Structure formats: C-alpha cells, structure tokens
Amino acid sequence: MSDSENANSVTKPTNFIRNIIDKDLASGKHTAIKTRFPPEPNGFLHIGHAKSICINFGIAEDYQGLCNLRFDDTNPAKEESAYAEAIAKDVQWLGFKWAGDIHHSADYFDKLYGFAEELIEKGLAYVCELSMEEMRTYRGTLTETGKNSPFRDRSVEDNLDLLRKMKAGDYEDGSMALRAKIDMSSPNINMRDPVIYRIKKAHHIRTGDKWCIYPTYDFTHGISDAIEGITHSLCTLEFEDHRPLYDWFLDNISIECHPQQIEFSRLNLEHTITSKRKLNQLVVENVVDGWDDPRMPTISGMRRRGYSSAAIRDFISRTGVTKKVHTVEMSLLENSVREDLGDNAPRAMAVLKPLKVTISNYPEDKVEEINAPRHPQNEDMGTRKIYFSKTLFIDQADFRESANKKYKRLVLGKAVRLRNAYVITCDEIVKDAEGNITELKCRYDENTLGKNPEGYKPKGVIHWVSESHSKAATIRLYDRLFNVPNPASEDDFLSAVNPDCLQVIENARVELSLVEAKPEDVFQFEREGYFCADRFEHSAENLVFNRTVTLRDSWAKIEAKG
RNA sequence: UGGGAUGUCGCCAAGCGGUAAGGCAACGGGUUUUGAUCCCGUCAUGCGCAGGUUCAAAUCCUGCCAUCCCAGCCA
C-alpha cells in the first residue's frame, strides 16, 4: 500500500451522517456544508461535548465547510458569562476554529419575536393562562391524549395584545405563556401545543434587561439554525422526538432555509459520568478539587491530566458515529492517550519510592555526566544530561532480597542494568531495627556503560537517579474516579467513587533535567508511566507532576498469576 | 399499555442481496538498556429470535423479543 493510500484509509472516516451529506452534495441539494456546535453556557464542557464538537467541526472541516459556535442562551436563569468564556477556550484548545464571530441565540431574539407574532397572525399560536400544573394535566400522558386548553381559541387580536403585554412586562412569571397551536392528541407529546415563549423577569448575560419573555429551545433552535444557513443540524438522540417540531416551526414561518436535523448517540464512557448535575455534585461535595481536577471527564480536567487534544480527538474518531446507544471502554481512551504520548513525550527518570543505593567501588567525589536520549526511537528529540555518582536512588519495588526467575529486577547477589548507565550487582542489604531495608550496597561494572558485560547477563533494567543530582517532587497518581463501569446506574453514585483515585507522593526524586519542565509539559517517566507538569501548581521551585496514564503493564499480569 | 429509535465478537464498528473489514481488549510468540514501544500470529460457519422470499439474506418481507428516549414555562 502506498503512503497516500494509507493516509487516505486512515483519514477518511465514514458514518451515516457523512453518507447523508455525500448524497446531499451529489444530488445538488447543497453545494456547501455548514454545521454548528450549540452549547448552553450553563456549565463546563466534558468528553460528551467533545464528541459533538468533533462531529460538527470535524465534518465542516472535512467538507471544506463552516461550523459556527453558537451559545444557545435562551434561559437566563441558568447561564453565566464565565461558562461561555470557558467553553470557547475549550473548543479552541481542542483544536477547532469557528466561522466568524461567536453566535448567540440571543442575537435573534428580535427576529424570533417577529416569528412568534407571525404564528399568532396565522392562527398557529395562542397565549395560554393555564398554570404549569394545569398544563401538565391538560397535556395527557404517554398513553392518553391531551385535551385542548380553554384559551386555545382566542382571537388573533387578543393573542397579539396579550403577547405584547407579556413582552412589556405586564404579567408575572408563570402567569401565562405563548403556545404553538398544533395537536393535543398527537402521540408525540412534543407536538401537544408546546410552549414557545415564557415570562422570565431575569437578567440575561447578553441582552441584559431588554427582555422579560424568552423563547424556548424548541422554538429557538431550528430558527437559529435557519438564520445562520446551517445545512445539517447535528444533535444527540434525545432530540429525535423534537424533530417534527423543529420542522413544524420552519414550515410555518416565513423563512427560506430549512436545515436537516440529524441525531447521533451520545458518548458514554465506562467508569465515569457526564451528567452535569452529578459532576457538579463531585465539585460541591469536594470529592474532587474543582471542575478541572485531573480526575474529571471535563475538557479542562483531561487537559490538566495530560491528555492532549490530539489524543482526545483520536479517541472520539475511534468510537464512531451511530444511532446506537453505546458505552465505550476506558481502555480505548487510554490507548489513544498512550499512542500519542508514546511518540511525543520525552523520557525521563523519576523514582517514586526511593531506596538508597551506595556504589561501594565508585569514587567518593566522582560524578559522571551521561547523555541520555530523550526518546529511544526518535533521535530528533535529542538528549538530556543525567548524572551518575556514588549514591543513588532506585525504586523500592525494584529490589527483592530473593525472587524467582520471573523477577527481572535487582536481587541480592544478582546483577541488573541501571537504565542508560552501568550494570550493578547487589552485595549487601542494610536494615534498620525493625528489619526494613534502608540501603543497598552495590558494586558497579565499569566496563558496562553502553555495552554488555562479559561473562554474565544482568537480569533486567531499572531506572534510578543520583542523590545529589535529583530533585524532590510531588507526584500525584491518578486512577479511575469510579470503581464500577456505570456509576450513573448506582443508587448512590458517590458510593462508587474509587477511594484510591488519587495517591499523592510527596518525596519522590526526579532527575535534574526536570527542573526545566514547564507547566503542561509531558514526560514518560520510564517504567512508571506518562506524567505532566501540573498546569497550575508546578514550578521550578515546586515540582508537581500528575500521572496521565500508566504504561501497559504485562508484569502486573504475570505477577497476579503467581 | 402511546410515540420515537436501536439490536453484527468482551467493548466500539464497517457492511446497503453475492457468501462477515478494522480498532480496542484478550491470548500466544519474536525483538528490546523501559516487563514500554515495535513486529508476527490467534480471536463471529456467525449478524436479537422465529418464519418467509431468492440460485444466493446481516442485508428484502412478516411476526415476535430486548434495550434506550419522551409527559420542564430545561437544553
């Protein structure tokens, strides 16, 4: 297979939405594609939104079309500017560019209001004074049809007059609402005269106090799409039942454009949650340290964890686009993250649980400078300096007094390779009064730097740092937030929180080169995993690294089997 | 029990009447100064079930079954 064919097969995803678009282009229905990503600025974006972002922006990109970022800000009671700002940043960080300026549903409030009056004039909308409870009763149930509101047959003049007074602020919140006149006996509850304007005397982040009536999502969304010339309005499955309403509005007002709404399934990920309410609960109850805690499935949390936007995009492309409700395994995400980091993260050595090692046959004051590659497979990444000296640290897990053949690390009386340095042999164990191992006395083989020893084979390779040429660091080991695959289905999802989702190591030792690390820099701490310098708390004076993901660990499997 | 959708390997997912792609996971094996990476191999006589149409069905038809969504003046 040639490179171009290979690239083609990798970068040409196919899914049912693209099939529809291909047909629309082939038939001449459209000559250019326009999509939109329409979040409500009422919270932080999470992995589920990332899917919608990738689909909407990704399709626009691939078809050389445009994608708008539009804040669906029709409910002033829930929305905040801070959320809008954070959302825009997250979209950019993920690597996407919206067309032109950011749009807002609120930008269309005047037009929307005009369309509402048009519906009234056509006898297709009316002001209803039923209370919310009454309206619920009149609506019927899933199996019983609803019945008409007593206010359904007001005259056009009365309706217009009432709506204008609503708009002028003459009535209290909830006292009346404008409804579309459709069909109270429809099997689709969304068509049973849905509310299209409600009174809310609230300050809006965009329009301030100009309005005291606000259009609902159903009325606003399709019209906003049409105003913006959206060709394909891509949303999640729960809006399937709303599509007839979406179409009804566009069919009954004076507007040319009629975008096609297409629904796809949400992204569900095992061992996590994407409910805004539940995520908020984690923050409020201090289960995590904020919305951007590295354990959170938010875009900002994953960023702080060390997931790159490329890895997130790759993961999402691997999950596909269908209408099937699915739950993706965490291993797929971790695979994307490892694949990205494996190529791009420079290597370094960090000892998480230090055990002192004295090289008895190494001169007291000698220090050797070694150029170690930043990446074993990619020379272009260059080298960094590491230092070998008489006193070193290795990890406690890399030594056993005695072990079977499967254990490929340091054992009393046996030899092991120190990564990028010499082969050492352990001669003696120093223990404290309680019998804890406090130090190892080893001897190095001076002919083993860059070459294999003669006459014997070291058992394995372990990482290390020099005592005098390493720094103390705080290392946070993150694990999955929940112990169960589907925490949302638990009676109490908080009881499924993994108690070991964070382990803080205060006195790890990291190689000297890591003082150069800048916040958000990623590394592979060899044999330990991928880590990133904390975006907010790391500095040259206070080294803080977050574990992004572990390395694949086949030893753990072998060890578990015994 | 109304309406809307969906059922292809443990998890995703192609397939669109011509005899089941691919990825992740798993399991073997090789290379390796990371138990990483990389490489090689194994992994659905089967497509929710039952009938039917056809030379030929995951793909068409009929009937079941299972799961998800909908009764906010939320989005």
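These numbers were taken from a predicted model, which means no experiment stands behind them.
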Work out how far the P atom of B:C16 is from that of B:A21, and round it to whole angstrom.
12 Å
Indicate, with a heavy-atom threshold strictly under 4.0 Å, whether [X] touches base, sugar-phosphate, or nothing.
| X | value |
| --- | --- |
| A:D241 | base |
| A:S265 | nothing |
| A:F239 | base |
| A:L142 | base |
| A:H242 | base |
| A:G146 | nothing |
| A:R318 | sugar-phosphate |
| A:R179 | nothing |

A:H104 side chain to A:A106 main-chain N or O, any donor-acceptor pair under 3.5 Å?
no
Do the ring planes of A:Y444 and A:F388 sit parallel (below 30°), tilted (30 to 60°) or perpendicular (above 60°)?
tilted
Out of B:A71, B:C73, B:A5, which has the shortest distance to the side chain of A:E240?
B:A5
Below the 4.0 Å mark, does B:G72 have OP1 or OP2 next to a side-chain nitrogen or oxygen of A:R139?
yes
Does A:K324 put a side-chain nitrogen or oxygen below 4.0 Å from OP1 or OP2 of B:U8?
yes
Could you check if a side-chain atom of A:L178 sits within less than 4.5 angstrom of a side-chain atom of A:I120, using non-hydrogen atoms only?
yes
Evaluate the side-chain proximity of A:P150 to A:Y138: yes if any heavy-atom separation is below 4.5 Å, no if none is.
yes
Can you measure A:H375 atom NE2 to B:A36 atom C1' for me and round it to whole angstrom units?
10 Å
B:A25 pairs with, by Watson-Crick or G-U criteria that keep both distances under 3.5 Å
none
